[in-house]
Amino acid sequence: MTQDQREELPVSPVSPKMADTCGQVLLGSGLTVLSHPLMYIKVLIQVGHEPLPPTLGRNLFGRQVYQLPGLFAYAKHIIKIDGKVGLFKGLGPRLCAGTIGTVVHSKVVQKCQEQGTPQVLGSQQKAVEGSLQHVVNETTKEMIARSCATIVTHPFHVITLRCMVQFIGRETKYSGVFDSIITVYREEGILGFFAGLIPRLLGDVLSLWICNLLAHLINTYAIDDSMSHMGEIKNCSQAVTGFFASMLTYPFVLVSNLMAVNNCGLAGGLPPYASVYPTWVDCWRHLSQEGNMSRGNSLFFRKLPAGKMYAIDQKRFF
């Protein structure tokens, strides 16, 4: 092939949607790496692992109270045992989940736009932007995309959590993505990859609808269109409602993570350290009875649970 022939070959341009997806993947991967130590510590607290005893401190009002170690004290403990690299256990499968989830979400949203979202409220006309019908239709489309991404990536989420929980019993059962996939399939079959999926899906769906509908009500009835910086105010209301929705649906996240590691052969998911739950409903009921539905929700100013005793040998509360 001559130089002239090579120059005449058409160059296939990168589509804007593909470039946008690649950008989202890179940005998401960067944020995942930065936030991974925080998620790691949060998961260990969620399963009830308290390696450090409570200390006497002061609350916001200056009163002396017993507090559990916060984010930085917990991080120092992990670094002392496993080094700084130890803060990134489970990062590999989590990056896989984030990348695949972003691609699946983008593809499903694109398909929904091409085929049209079902008109949930029954109108055949195109919904006016900002109307309730438009919010419901857009939320439905986003719900479908998120649910598909969650289902596809949940096996990687399960592996991520189990890699993290190994810190409790110092196991090495889940050491890599492919080896972990083989381990889960050999011991639990296909269903093992979807442990804790139902409460996670329910939490995602409820959080999305609460956030979008509440933001719509605020933007419609509490914000005047004539106000200056209207776009910034609406973005702020969306962020506030998102935070509120995540607080309300946090118990679903907690139960999902506990079921993902429950009875999987790791010390952190087996008696006497943890109870074995037949279903996620049993897990929810048990946490509710013990008043632990918000365990791990806060990483700072962690108050000592009322009526609980610290077991030094198991490093948890009873």
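Values in this document were obtained by computation on a predicted structure and should not be read as measured data.
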**Student:** According to salt bridge (charged side-chain N to carboxylate O under 4.0 Å, His left out), who are the partners of Lys89, at least two apart in sequence or on a separate chain?
**Tutor:** Asp82
**Student:** Hey, are the side chains of Val205 and Ser147 touching, using non-hydrogen atoms and a 4.5 Å cut-off?
**Tutor:** yes
**Student:** To the closest 0.5 Å, what do you measure between CZ (Phe72) and CG (Leu299)?
**Tutor:** 9.5 Å
**Student:** On a heavy-atom basis, which atom in Cys163 and which in Gly90 lie closest, and how many Å separate them?
**Tutor:** CB-CA, 3.8 Å
**Student:** If you group Ile, Leu, Val, Met, Phe, Trp and Tyr by side-chain heavy-atom gaps below 4.5 Å, do Phe300 and Val43 land in one group?
**Tutor:** yes
**Student:** Could you measure the distance from the CE atom of Met164 to the CG atom of Asn257? Nearest 0.5 Å is fine.
**Tutor:** 9.0 Å
**Student:** Does anything in residues 135-159 form a ring pair (Phe, Tyr, Trp, His ring centres under 6.0 Å)? List the pairs, not counting sequence neighbours.
**Tutor:** His154-His157
**Student:** Should Tyr174 and Pro93 count as side-chain neighbours, where that means a heavy-atom distance under 4.5 Å?
**Tutor:** no
**Student:** Return a table of donor-acceptor pairs under 3.5 angstrom between the side chains of residues 242-252 and protein atoms on other chains or two or more places apart.
**Tutor:**
residue: Ser246; atom: OG; partner: Gly242; partner atom: O; Å: 3.4
residue: Ser246; atom: OG; partner: Phe243; partner atom: O; Å: 2.7
residue: Thr249; atom: OG1; partner: Ala245; partner atom: O; Å: 2.9
residue: Tyr250; atom: OH; partner: Gln46; partner atom: NE2; Å: 3.0
residue: Tyr250; atom: OH; partner: Arg295; partner atom: O; Å: 2.6
residue: Tyr250; atom: OH; partner: Gly296; partner atom: O; Å: 3.4
residue: Tyr250; atom: OH; partner: Asn297; partner atom: N; Å: 3.2

**Student:** So, using salt bridge (charged side-chain N to carboxylate O under 4.0 Å, His left out) as the criterion, who are the partners of Glu171 when residues are at least two apart?
**Tutor:** none
**Student:** Heavy atoms, side chains only, cut-off 4.5 Å: are Val33 and Leu95 in contact?
**Tutor:** yes
**Student:** Report the distance from atom OG1 of Thr21 to atom NZ of Lys107, rounding to the nearest 0.5 Å.
**Tutor:** 6.5 Å
**Student:** Are Tyr185 and Val152 linked, directly or through other ILVMFWY residues, by side chains that come within less than 4.5 angstrom of each other?
**Tutor:** yes
**Student:** May I have all residue pairs that pass ring pair (Phe, Tyr, Trp, His ring centres under 6.0 Å) and include part of residues 73-107, sequence neighbours excluded?
**Tutor:** none
**Student:** Measuring from Ile45:CD1 to Glu50:CD, what's the distance to the nearest 0.5 Å?
**Tutor:** 6.0 Å
**Student:** Suppose we screen for ring-ring contact (aromatic ring centres under 6.0 Å, His included). Which residues come up paired with Phe178, at least two apart in sequence or across chains?
**Tutor:** none
**Student:** Do Ile181 and Ile190 sit in one hydrophobic cluster, given that two such residues count as connected whenever their side-chain heavy atoms are within less than 4.5 Å of each other, even indirectly?
**Tutor:** yes
**Student:** With side-chain contact (heavy atoms from CB on, under 4.5 Å) as the criterion, how do Leu87 and His36 come out once you've worked through the C-alpha distance, each side chain's angles and the decisive distance to 0.1 Å?
**Tutor:** CA-CA 8 Å; Leu87 291 172; His36 191 77; over 6 Å; no
**Student:** Would you indicate whether the side-chain heavy atoms of Leu56 and Gln67 approach each other to under 4.5 Å?
**Tutor:** no
**Student:** Could you work out, with ring-ring contact (aromatic ring centres under 6.0 Å, His included) as the rule, every residue matching Phe301, not counting sequence neighbours?
**Tutor:** none
**Student:** Please, which pairs that meet salt bridge (charged side-chain N to carboxylate O under 4.0 Å, His left out) have at least one residue in residues 146-164, sequence neighbours excluded?
**Tutor:** Glu142-Arg146, Arg162-Glu188
**Student:** Report yes if some heavy atom in the side chain of Val47 is under 4.5 Å from a heavy atom in the side chain of Ile168; otherwise report no.
**Tutor:** yes
**Student:** Thr55 versus Pro69: any side-chain heavy-atom pair under 4.5 Å?
**Tutor:** no
**Student:** Can you see which heavy atom on Met259 is nearest to which on Gly196, and at what distance?
**Tutor:** CB-CA, 3.8 Å
**Student:** Could I get the full list of salt bridge (charged side-chain N to carboxylate O under 4.0 Å, His left out) partners for Lys76, not counting sequence neighbours?
**Tutor:** none
**Student:** Is Asn262 reaching over with its side chain to a backbone N or O of Ser275, donor-acceptor style, under 3.5 angstrom?
**Tutor:** yes
**Student:** I would like to know whether Val25 and Ser29 meet side-chain contact (heavy atoms from CB on, under 4.5 Å); could you show each step before the answer?
**Tutor:** CA-CA 6 Å; Val25 169; Ser29 298; 4.1 Å; yes
**Student:** Trp280, Leu206: one ILVMFWY side-chain cluster at the under-4.5 Å cut-off?
**Tutor:** yes
**Student:** Check the hydrophobic clustering (I, L, V, M, F, W, Y; side-chain heavy atoms under 4.5 Å; chains of links allowed) and say if Phe194 and Val276 are grouped together.
**Tutor:** no
**Student:** Roughly how far apart are Met143 CE and Cys148 SG, rounded to 0.5 Å?
**Tutor:** 10.0 Å
**Student:** Measure across Gly189 and Phe193 and return the closest heavy-atom pair with its distance rounded to 0.1 Å.
**Tutor:** O-CD1, 3.9 Å
**Student:** Decide side-chain contact (heavy atoms from CB on, under 4.5 Å) for Leu270 and Leu266; before the verdict, give the C-alpha distance in whole Å, the side-chain angles of both, and the deciding distance to 0.1 Å.
**Tutor:** CA-CA 6 Å; Leu270 289 170; Leu266 299 177; over 6 Å; no
**Student:** Side-chain contact, heavy-atom cut-off 4.5 Å: Leu161 with Met39?
**Tutor:** yes
**Student:** Any donor-acceptor pair under 3.5 Å linking the side chain of Thr140 with the backbone of Val136?
**Tutor:** yes
**Student:** Taking Thr220 for its side chain and His216 for its backbone only, find out whether a donor-acceptor pair lies under 3.5 Å.
**Tutor:** yes
**Student:** Return the set of residues passing ring-ring contact (aromatic ring centres under 6.0 Å, His included) with Tyr277 (not counting sequence neighbours), or none when no residue passes.
**Tutor:** His286
**Student:** After noting the C-alpha distance and the side-chain angles of Leu254 and Leu287, does the key distance pass the side-chain contact (heavy atoms from CB on, under 4.5 Å) rule?
**Tutor:** CA-CA 10 Å; Leu254 175 61; Leu287 291 175; 3.9 Å; yes
**Student:** Please find the pair of heavy atoms, one from Ala260 and one from Val158, that lie closest to each other, and give the distance.
**Tutor:** O-CG1, 3.9 Å
**Student:** According to salt bridge (charged side-chain N to carboxylate O under 4.0 Å, His left out), does anything in residues 264-284 pair up with another residue at least two apart or in another chain? List the pairs.
**Tutor:** Asp282-Arg285
**Student:** Taking atom CZ of Arg94 and atom CD1 of Ile159, what is their separation to the nearest 0.5 Å?
**Tutor:** 15.0 Å
**Student:** Can you check whether Leu132 reaches Leu213 side chain to side chain, under 4.5 Å on heavy atoms?
**Tutor:** yes
**Student:** Minimum heavy-atom separation for Ala274 and Gly268, please, with both atom names.
**Tutor:** CB-O, 3.5 Å
**Student:** Thr241: which residues meet the side chain to side chain contact (heavy atoms under 4.5 Å, CB included) condition with it, sequence neighbours left out?
**Tutor:** Cys211, Leu214, Ala215, Ile218
**Student:** Identify the two heavy atoms, one from Gly92 and one from Val177, that lie closest to each other, and give their separation to 0.1 Å.
**Tutor:** C-CG2, 4.2 Å
